[in-house]
Amino acid sequence: MIKIAWHPIYAHPLPEGHRFPMLKYELIPEQLLHEGTIEHQNLFSPEPLSDEIVLLTHQKAYWEQLRDLTLSAKDQRRIGFPLDAQLVERELRIAQGTIDGAYFAMENGIAFNVAGGTHHAGSNWGEGFCLLNDQAIAANYLLNNNLAQRILIIDLDVHQGNGTAEIFQHEPRVFTFSMHGDKNFPFRKEISSLDVPLDDGLQDEAYLSLLNINLKKAFERSKPDFVFYLSGVDVLSTDKLGKLSLSKAACKERDRIVLQACKNKNLPLQVSMGGGYSTEIKDIVDAHCNTYRLAFDLFA
């Protein structure tokens, strides 16, 4: 059975008018249940992650400031969320959900986290709505427990996975692959194992061609035994922050290419949802739900 990490805390209350579409974390499972793609037993609620596991990835001083709510006002502005205890608990549950998902992926081929994809969090900073880096935490957990030997992180959010790249810059067992807007946030890029910078306004055919070429390179160079996929839908032409011009059909084809490649190679795959900032919340939710629909077609 395909398992999906979700908890009510994922939909964290934000100030009126905040640009982050937190509502999607309620609407994605609701829509999937409503249409019959998933059943309630597909969902599981992760517990909060332990400090010990956080510290495999994030520096002690940063984590303690985050945990104790003593981050400076400047560092909180960099994150973009008002810091409180519930927000920190949310991040801990998301990260544990990605670790749990990795176990479920090893059993069932694929597993999901309705949230996560918090790839802007580096070893000692939070940024861009990311406090802790869930897939980096899970990758380090797998390595530390000898559950994987070589890991590929496929990051197709429109923004570079700068935190992920920084965390693994000296870790040869983790290959970081990021396709992202060249002139988009973050404006100071880190160096991934394979970076593919994209021009503003890039359309379906050119994007999918670049993906096919570079995904093949990533697999050849990384030779992974486990894959993490960050499936942000901020590549859509409707996205307020994306600057690309992909249709919803091309976004779905992007997901199909990744999922099919992992299935063909018999590689366990954990998927976190990443960003999406289209004007209409229904466009965000539908594009995310397409990733699940594909997975249930391919793996269920």
Side-chain angles (χ1 to χ4, degrees), residues 53 56-58 95 98-99 101-106 109-113 116-123 130 132-182 186 188-198 207-232 235 254-275 291:
I53 297 173
L56 294 174
T57 298
H58 292 285
T98 297
I99 290 175
Y103 277 108
F104 285 126
M106 287 185 275
I110 193 169
F112 283 87
N113 199 331
T118 43
H119 60 162
H120 297 312
S123 60
C130 303
L132 299 173
N133 192 316
D134 68 302
Q135 291 185 323
I137 286 170
N140 276 324
Y141 178 88
L142 294 183
L143 293 174
N144 195 60
N145 288 278
N146 293 313
L147 296 168
Q149 307 305 317
R150 296 182 64 84
I151 292 170
L152 170 60
I153 301 179
I154 300 169
D155 188 338
L156 300 185
D157 191 278
V158 81
H159 304 108
Q160 193 211 30
N162 58 322
T164 309
E166 181 266 340
I167 287 165
F168 293 117
Q169 60 185 327
H170 302 303
E171 177 48 87
R173 295 173 295 175
V174 179
F175 190 97
T176 54
F177 165 40
S178 179
M179 273 179 62
H180 53 264
D182 185 29
R188 180 184 177 275
K189 306 289 195 287
E190 300 289 338
I191 300 173
S192 309
S193 309
L194 176 59
D195 282 305
V196 182
L198 307 173
Y207 179 94
L208 294 172
S209 176
L210 283 168
L211 175 59
N212 276 307
I213 292 165
N214 287 286
L215 186 63
K216 184 179 179 184
K217 282 184 193 174
F219 277 116
E220 288 173 348
R221 288 172 56 186
S222 62
K223 298 180 173 58
D225 52 19
F226 195 95
V227 180
F228 291 96
Y229 175 36
L230 202 172
S231 61
V235 295
R254 173 203 70 171
D255 292 342
R256 189 198 64 77
I257 289 167
V258 174
L259 270 58
Q260 189 71 63
C262 292
K263 186 171 191 291
N264 289 350
K265 297 174 187 296
N266 199 30
L267 290 168
L269 175 63
Q270 188 280 329
V271 185
S272 291
M273 304 320 292
T291 316

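Residue numbers count from 1 along this sequence.
Phe112 is listed as a side-chain neighbour of Met273, based on a closest heavy-atom distance under 4.5 Å. For the pair Leu156/Tyr207, a side-chain contact is recorded, criterion being any heavy-atom separation below 4.5 Å from C-beta on. Tyr141 has its side chain out of reach of Thr57: every pair of non-hydrogen atoms, C-beta onward, lies at least 4.5 Å apart. Residues Ile137 and Ile99 meet the side-chain proximity criterion, which asks for heavy atoms closer than 4.5 Å. Asp155 has its side chain out of reach of His180: every pair of non-hydrogen atoms, C-beta onward, lies at least 4.5 Å apart. Using a 4.5 Å cut-off on side-chain heavy atoms (C-beta onward), Asn133 and Thr164 make contact.
For the atom pair Gln169 CD and Ser193 OG, the distance stands at 10.5 Å (nearest 0.5 Å). Note that OG of Ser178 is 8.5 Å distant from CG of Leu198, once rounded to the nearest 0.5 Å. Atom CG of Leu152 and atom CZ of Arg221 lie 11.0 Å apart (nearest 0.5 Å). Of the inter-residue distances, the one linking Arg188 atom CZ with Gln160 atom CD reads 10.0 Å to the nearest 0.5 angstrom.
When atom types are taken as modelled, the side chain of Asn145 and the backbone of Leu147 share no donor-acceptor pair closer than 3.5 angstrom. Between the Thr176 side chain and the Ile153 main chain, no donor and acceptor come within less than 3.5 Å of each other. For the pair Glu190 (side chain) and Gly163 (backbone), a donor-acceptor distance under 3.5 Å is absent. With hydrogens and angles disregarded, a donor-acceptor distance shorter than 3.5 Å links the side chain of Gln135 to the backbone of Tyr229. A distance-only check finds no donor-acceptor pair linking the side chain of Arg254 to the backbone of Val235 [under 3.5 Å]. Within the 3.5 Å criterion, the main-chain N or O of Asn140 finds no donor-acceptor partner in the side chain of Asn144.
Residues meeting the side-chain contact (heavy atoms from CB on, under 4.5 Å) test with Ala148, sequence neighbours left out: Leu142, Ile151, Asp225, Phe226. Partners of Ile257 by side-chain contact (heavy atoms from CB on, under 4.5 Å), not counting sequence neighbours, listed by chain and number: Leu208, Leu211, Asn212, Leu215, Glu253. Residues that satisfy the side-chain contact (heavy atoms from CB on, under 4.5 Å) test with Lys217, not counting sequence neighbours, are Leu194, Ile213, Asn214.
Contact detail for Ala136 and Ile167: the closest heavy-atom pair is CB-CD1, 3.8 Å. When all heavy atoms of Gln149 and Leu143 are compared, the closest pair comes out as O-CD2, 3.9 Å. Between Asp157 and Gly232, the closest heavy-atom pair is OD2-CA, 3.7 Å. The shortest non-hydrogen separation linking Ala111 to Phe104 is CB-CB, 3.9 Å. Looking at every heavy atom in both residues, Cys130 comes nearest to His120 through SG-N, 3.6 Å.
Heavy-atom neighbours of Leu210 CG from other residues, nucleotides or ligands within 6.0 Å: above the threshold of 12. Atom CG of Asn264 has more than 12 neighbouring heavy atoms from other residues, nucleotides or ligands inside a 6.0 Å radius.
Between the side chains of Gln270 and Ser272, a donor-acceptor pair is found at a separation under 3.5 Å. With 3.5 Å as the limit, one finds a donor-acceptor pair spanning the side chains of Thr98 and Asn113. Of the N and O atoms on the side chains of Glu166 and Asn162, not one donor lies less than 3.5 Å from an acceptor on the other residue.
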Discussion item. Using side-chain hydrogen bond (donor to acceptor under 3.5 Å, both in side chains), reason through Asp255 and Thr291 one step at a time and then give a plain yes or no.
Written reply: CA-CA 6 Å; Asp255 292 342; Thr291 316; 2.7 Å; yes
